[in-house]
Amino acid sequence: MTGTIDLFITQMRRDMVSLGVKELRTAAEVDDTLSNSKGTLLVFVNSTCGCAGGIARPGLAMALKNSTVPDNIATVFAGQDKEATERARKYFTNQPPSSPSFALFRDGRFVAMIHRSDIEGTYPAFAAELLTGLFQTYCSKSS
């Protein structure tokens, strides 16, 4: 059974990397990426739960087709890369742990969060709408 689970997790990781999302697997990688970010950075807290696979990951893929997107996108995997996820959450100022979730930074400063509660029970297009709304607000050159 463990081998099957590992295959599923590997595919979940590949799904994100194939979209151009940078995988952060250690606390050091999180610190390096988040503390040195310029422009806009979206951090996706990935998960093995159904709302990650059925809503968040497909919603992110849809949102990335928008003409306005973050300069950089990274991901940590809750439950898999625990140290990286814990460190990333320290950058999400005054936010409770949530996975899946999305945190947006602008010039190294945390600016917005989409929690699991915002997307759970919805559908990928809704998650994409939430994300594109953030992108339009914080990622456009005129904002």
Side-chain angles (χ1 to χ4, degrees), residues 1 3-27 29-30 32-143:
M1 186 69 168
T4 302
I5 292 170
D6 290 342
L7 286 173
F8 284 128
I9 292 169
T10 298
Q11 185 57 50
M12 291 174 204
R13 291 180 188 276
R14 282 188 193 141
D15 289 348
M16 293 298 90
V17 172
S18 72
L19 293 174
V21 176
K22 179 181 179 180
E23 197 172 22
L24 307 175
R25 298 187 73 175
T26 67
E29 290 174 339
V30 169
D32 184 53
T33 299
L34 275 69
S35 64
N36 295 312
S37 71
K38 301 286 186 237
T40 52
L41 167 67
L42 181 71
V43 178
F44 172 47
V45 180
N46 201 353
S47 173
T48 59
C49 73
C51 62
I55 302 167
R57 287 192 299 271
L60 177 58
M62 293 169 74
L64 292 178
K65 293 177 182 175
N66 192 335
S67 60
T68 302
V69 296
D71 298 312
N72 297 289
I73 305 166
T75 186
V76 295
F77 207 124
Q80 301 303 309
D81 301 322
K82 294 178 184 178
E83 180 184 282
T85 303
E86 183 178 311
R87 183 65 56 90
R89 286 178 171 153
K90 290 186 184 303
Y91 287 87
F92 309 161
T93 309
N94 298 316
Q95 301 296 311
S98 178
S99 59
S101 61
F102 300 93
L104 188 65
F105 295 81
R106 187 169 182 180
D107 294 325
R109 187 175 59 86
F110 172 77
V111 294
M113 187 95 186
I114 297 173
H115 291 275
R116 175 188 181 114
S117 60
D118 298 321
I119 60 173
E120 188 174 30
T122 65
Y123 45 92
F126 182 78
E129 287 176 31
L130 292 175
L131 287 165
T132 56
L134 287 183
F135 300 168
Q136 294 297 328
T137 300
Y138 296 103
C139 301
S140 67
K141 301 300 179 201
S142 62
S143 61

Original post:
How would you list, by chain and number, every residue that makes a side-chain contact (heavy atoms from CB on, under 4.5 Å) with Asp32, sequence neighbours excluded?
Top reply: Asn36
Original post:
What residues form a side chain to side chain donor-acceptor pair (under 3.5 Å) with Glu23, not counting sequence neighbours?
Top reply: Arg13
Original post:
How long is the span from the OG1 atom in Thr132 to the CG atom in Asn66, to the nearest 0.5 Å?
Top reply: 5.5 Å
**OP:** For residues 47-87, pull every pair meeting ring pair (Phe, Tyr, Trp, His ring centres under 6.0 Å), keeping only residues two or more places apart or in separate chains.
**Re:** none
Subject >> Gap separating the CG atom of Leu19 from the CZ atom of Arg14, nearest 0.5 angstrom >> reply: 14.0 Å
**OP:** Could you tell me the separation between the CD atom of Gln11 and the CE atom of Met16, rounded to the nearest 0.5 Å?
**Re:** 10.0 Å
Subject >> Spacing of CG belonging to Leu60 relative to CG belonging to Asp15, to within rounding of 0.5 Å >> reply: 10.5 Å
Subject >> Sequence-distant partners of Lys22, side chain to side chain donor-acceptor pair (under 3.5 Å), two or more places apart >> reply: Thr33
Check: residues 95-102 side-chain donor-acceptor pairs under 3.5 Å, at least two apart:
unit_1: Gln95; atom_1: OE1; unit_2: His115; atom_2: NE2; d: 2.7
unit_1: Gln95; atom_1: NE2; unit_2: Thr93; atom_2: O; d: 3.3
unit_1: Ser98; atom_1: OG; unit_2: Arg116; atom_2: N; d: 2.8
unit_1: Ser101; atom_1: OG; unit_2: Ser98; atom_2: O; d: 2.7

**OP:** Please report the shortest heavy-atom distance between Leu134 and Ala112, naming the atom on each side.
**Re:** CD2-CB, 3.6 Å
Original post:
Quick one: does Leu131's side chain get under 4.5 Å of Leu42's, heavy atoms only?
Top reply: yes
Subject >> Heavy-atom side-chain contact between Arg109 and Val111 under 4.5 Å >> reply: yes
**OP:** Check side-chain contact (heavy atoms from CB on, under 4.5 Å) between Ala27 and all other residues, then give those that pass, not counting sequence neighbours.
**Re:** Glu83, Arg87
**OP:** Only counting residues at least two apart or in another chain, list the ones meeting side-chain contact (heavy atoms from CB on, under 4.5 Å) with Ala84.
**Re:** Val30, Val76, Asp81
Original post:
Can you name the closest pair of heavy atoms from Leu24 and Ala74 and give their distance?
Top reply: CD1-CB, 3.6 Å
**OP:** Please identify each residue that fulfils side chain to side chain donor-acceptor pair (under 3.5 Å) with Asn72, with sequence neighbours left out.
**Re:** none
Original post:
So how far is it from Phe135 CZ to Ser67 OG, rounded to the nearest 0.5 Å?
Top reply: 11.0 Å
Original post:
For Pro124, which residues count as a side-chain contact (heavy atoms from CB on, under 4.5 Å) partner, sequence neighbours excluded?
Top reply: Pro58, Met62
Original post:
In Å, rounded to the nearest 0.5 Å, how long is the span from CZ of Arg106 to OG1 of Thr137?
Top reply: 10.0 Å
Original post:
Is there a donor-acceptor pair closer than 3.5 Å between any side-chain N or O of Thr68 and the backbone N or O of Gln136?
Top reply: no
Subject >> Ile73 side chain reached by Leu64 side chain, heavy atoms, under 4.5 Å >> reply: yes
Side-chain atoms of residues 47-57: list all donor-acceptor pairs with protein atoms under 3.5 Å, sequence neighbours left out, distances to 0.1 Å.
unit_1: Ser47; atom_1: OG; unit_2: Cys49; atom_2: N; d: 3.2
unit_1: Arg57; atom_1: NH1; unit_2: Asn46; atom_2: OD1; d: 2.8
unit_1: Arg57; atom_1: NH1; unit_2: Ser47; atom_2: O; d: 2.9

Original post:
Closest heavy-atom contact between Ala78 and Val45?
Top reply: CB-CG1, 4.0 Å
**OP:** Using ring-ring contact (aromatic ring centres under 6.0 Å, His included) as the criterion, list what pairs up with Tyr91, not counting sequence neighbours.
**Re:** none
